[in-house]
Amino acid sequence: MKYTLTWTVLTAGLYFVLFFLYNTGKINIFTDAVIANIGINIVLAVSLNLIIGFGGQFSLGHAGFMAIGAYATAILTSKSPSFGSFVISMLIGMILSGVIALVVGIPTLRLKGDYLAIATLGVSEIIRIFIINFSDLTNGPSGIFGLTQYSNWQIIFVVMVLTIVFISNYMNSSYGRKTLSVREDEIAAEAMGVNTTRFKVLAFVIGGMFASVGGSLYASYQQSVFPSDFTFMKSIDILIIVVFGGIGSTTGAVVSAVVLGFINMYLQELGSLRMIFYALAIILIMIFKPSGLLGSKELSMKKLFQRFNRKGGDSNATTNR
């Protein structure tokens, strides 16, 4: 209970710090965009980390699921501009993404490595091409713009926290432990009675649904959506965040999204040259820390409390001597 309370206090503290900065004018429009994009990237990276880091499945289809959520929100809120429509569009996007991920996941997740990556990339491109060609509903290559903004920093912050809490609790459940067993040794897990296909598909479906949520937040915040926003490179951008932070670490995905977000912010003045420094930072982390910033480590309040208590006990023992 005390660990949950500590996390709650820290989360509330961060929220009120941001609230204070916004209300005192310390954060301008540009900084607001950076903070919002960091929050959206955290949702996307944490959900992809569930598939790649915890499920052990190399997926490049995240941009496709993101596009489903983005267009669900864009279409519904353009026809019925209200906050209720925005919430309903997020739910519709999650359901559609979940169904597609289930239909796609059952046959494709039998593949491994590069074959799975190519298959999921193909699915993502099929979704994008469908959006381009189904112009009566999606407005084709021209996209949909002029949307009302319902996704602000507060909504993004709440959704980001809920995403982290849900996936963290999932990984600490019996389902999460079975998912990890599949990642570590699929044959051994199957021999112990774990339905490996079921848990690989489940991780894929959950990851796809939360990618859709990220797409909904993105479309509403940007107030526009285009098929070109969800190309192969978007999936790579999200993958870079996961790898940079450490595959298999939710904390690493969060830290990585924040670090890379601020690197991009400070390098904006360099124009296209900033991509060189961005790439250089990634290359350096891969050379000197191939496992990423945090590897597979997680920030755990339980471990911090135990370490603090242990140090306190050691100092008391020294004093008694």
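Residues: numbered from 1 along the sequence shown. Just so we're clear, the structure is a prediction, and the values are computed from it rather than from any experiment.
Clustering ILVMFWY residues whenever any of their side-chain heavy atoms sit less than 4.5 angstrom apart, transitively, puts Leu121 in the very cluster that holds Met233. Using a 4.5 Å cut-off between side-chain heavy atoms of Ile, Leu, Val, Met, Phe, Trp and Tyr, with links allowed through other members, Ile131 and Ile126 fall into different hydrophobic clusters. Val254 and Phe262 fall within a single hydrophobic cluster, where Ile, Leu, Val, Met, Phe, Trp and Tyr are joined by side-chain heavy atoms under 4.5 Å apart, directly or via other members. Residue Leu147 is not grouped with residue Phe226 when hydrophobic side chains (ILVMFWY) are merged at heavy-atom distances under 4.5 angstrom, including chains of intermediate members. Leu14 and Leu162 fall into different hydrophobic clusters, defined by Ile, Leu, Val, Met, Phe, Trp and Tyr side-chain heavy atoms under 4.5 Å apart, directly or through other members.
For Met90 against Val159, the heavy-atom pair with the smallest separation is CE-CG2, 4.4 Å. When all heavy atoms of Ala257 and Ile241 are compared, the pair lying nearest together is N-CG2, 3.7 Å. Summarising the geometry of Gly140 relative to Pro227, their closest heavy-atom pair is O-CG, 3.5 Å, with the distance given to 0.1 Å. Between Ala74 and Ile144, the closest heavy-atom pair is CB-CD1, 4.0 Å.
Judged purely by atom type and a 3.5 angstrom limit, Ser256 has no side-chain atom pairing as donor or acceptor with the backbone of Phe244. Between the Ser89 side chain and the Phe86 main chain, a donor and an acceptor come within less than 3.5 Å of each other.
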Worked verdict on Ile35 versus Thr31 for side-chain contact (heavy atoms from CB on, under 4.5 Å): CA-CA 6 Å; Ile35 292 171; Thr31 313; 4.2 Å; yes
Chi angles and distances behind the side-chain hydrogen bond (donor to acceptor under 3.5 Å, both in side chains) call for Ser220, Ser151: CA-CA 5 Å; Ser220 183; Ser151 173; 4.9 Å; no
Full working for side-chain contact (heavy atoms from CB on, under 4.5 Å) between Gln222 and Asn37: CA-CA 10 Å; Gln222 297 291 341; Asn37 282 312; 3.7 Å; yes
Steps toward side-chain contact (heavy atoms from CB on, under 4.5 Å) verdict (Ile88, Phe83): CA-CA 9 Å; Ile88 292 170; Phe83 186 77; over 6 Å; no
Stepwise side-chain contact (heavy atoms from CB on, under 4.5 Å) test for Gln57 and Leu116: CA-CA 8 Å; Gln57 311 303 310; Leu116 176 60; 3.5 Å; yes
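Every pair passing side chain to side chain donor-acceptor pair (under 3.5 Å) that includes a residue from residues 10-23 is listed here, sequence neighbours excluded: Tyr15-Gln154, Tyr22-Asp32. Pairs engaging residues 157-172 under the side chain to side chain donor-acceptor pair (under 3.5 Å) rule: Tyr170-Thr179 [sequence neighbours left out]. Applying the salt bridge (charged side-chain N to carboxylate O under 4.0 Å, His left out) definition to pairs two or more places apart or across chains, those involving residues 179-188 are Lys112-Glu186, Glu186-Lys200. Identified under the side chain to side chain donor-acceptor pair (under 3.5 Å) test for residues 228-239, with sequence neighbours left out: none.
Applying the side chain to side chain donor-acceptor pair (under 3.5 Å) test to Arg128 and every residue at least two apart in sequence or in another chain returns Glu125. Partners of Leu137 according to the side-chain contact (heavy atoms from CB on, under 4.5 Å) rule, which considers only residues two or more places apart in sequence or in another chain, are Ile75, Phe134. Every residue was checked against the ring pair (Phe, Tyr, Trp, His ring centres under 6.0 Å) condition with Tyr71, not counting sequence neighbours, and none meets it. For the side-chain contact (heavy atoms from CB on, under 4.5 Å) test, residues two or more places apart in sequence or in another chain that qualify with Phe20 are Thr24. In this structure, the side chain to side chain donor-acceptor pair (under 3.5 Å) partners of Ser85, at least two apart in sequence or on a different chain, are Ser80, Ser82. For Gln149, the side chain to side chain donor-acceptor pair (under 3.5 Å) criterion is met by no residue, not counting sequence neighbours. Annotation: side-chain contact (heavy atoms from CB on, under 4.5 Å) contacts of Val255 (sequence neighbours excluded): Thr251, Val259, Leu293, Leu294.
Between Phe199 and Tyr175, the ring planes are perpendicular. Angles over 60° get that label, and only those under 30° would be called parallel.
Open room surrounds CZ on Phe16; 12 or fewer heavy atoms of other groups in view lie less than 6.0 Å from it. Atom CD1 of Ile187 has 12 or fewer heavy atoms from other residues, nucleotides or ligands within 6.0 Å.
Separating the CD1 atom in Ile38 from the CZ atom in Phe157 is a distance of 12.5 Å, to the nearest 0.5 Å. Summarising the geometry, atom OG1 belonging to Thr138 is positioned 8.5 Å from atom CD1 belonging to Ile132; distances are rounded to the nearest 0.5 Å. With rounding to the nearest 0.5 angstrom, the CD1 atom of Ile51 is 5.0 Å from the OG atom of Ser59. Here the CG-OG1 distance, from Leu217 to Thr73, works out to 8.0 Å after rounding to the nearest 0.5 Å. Of the inter-residue distances, the one linking Ile127 atom CD1 with Ser97 atom OG reads 7.0 Å to the nearest 0.5 angstrom. Note that CD1 of Ile238 is 11.0 Å distant from CD1 of Ile40, once rounded to the nearest 0.5 Å.
Side-chain contact, Ser142 with Asn139: no donor N or O sits under 3.5 Å from an acceptor N or O.
Counting heavy atoms from C-beta on, the side chains of Val205 and Phe210 never come closer than 4.5 Å. At a threshold of 4.5 Å between non-hydrogen side-chain atoms, the residues Asn41 and Val258 do not count as touching. Two residues are said to be in side-chain contact when any heavy atoms from C-beta on lie closer than 4.5 Å; Val158 and Ile155 fail this criterion. The shortest side-chain heavy-atom distance between Thr250 and Met171 does not fall under the 4.5 Å cut-off. Side-chain contact between Val225 and Phe145 is absent, with no heavy-atom pair separated by less than 4.5 Å.
If you run side-chain contact (heavy atoms from CB on, under 4.5 Å) between Glu190 and each of Thr197, Thr196, Val182, Asn195, only Thr196 comes through.
Remark: aromatic rings of Tyr221 and Tyr150 are distant, center separation not under 6.0 Å.
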Could you list the donor-acceptor pairs under 3.5 angstrom formed by side chains in residues 60-70, with sequence neighbours left out?
residue : atom : partner : partner atom : Å
His62   : NE2  : Leu44   : O            : 3.3
His62   : NE2  : Ser47   : OG           : 2.9
His62   : NE2  : Leu48   : N            : 3.4

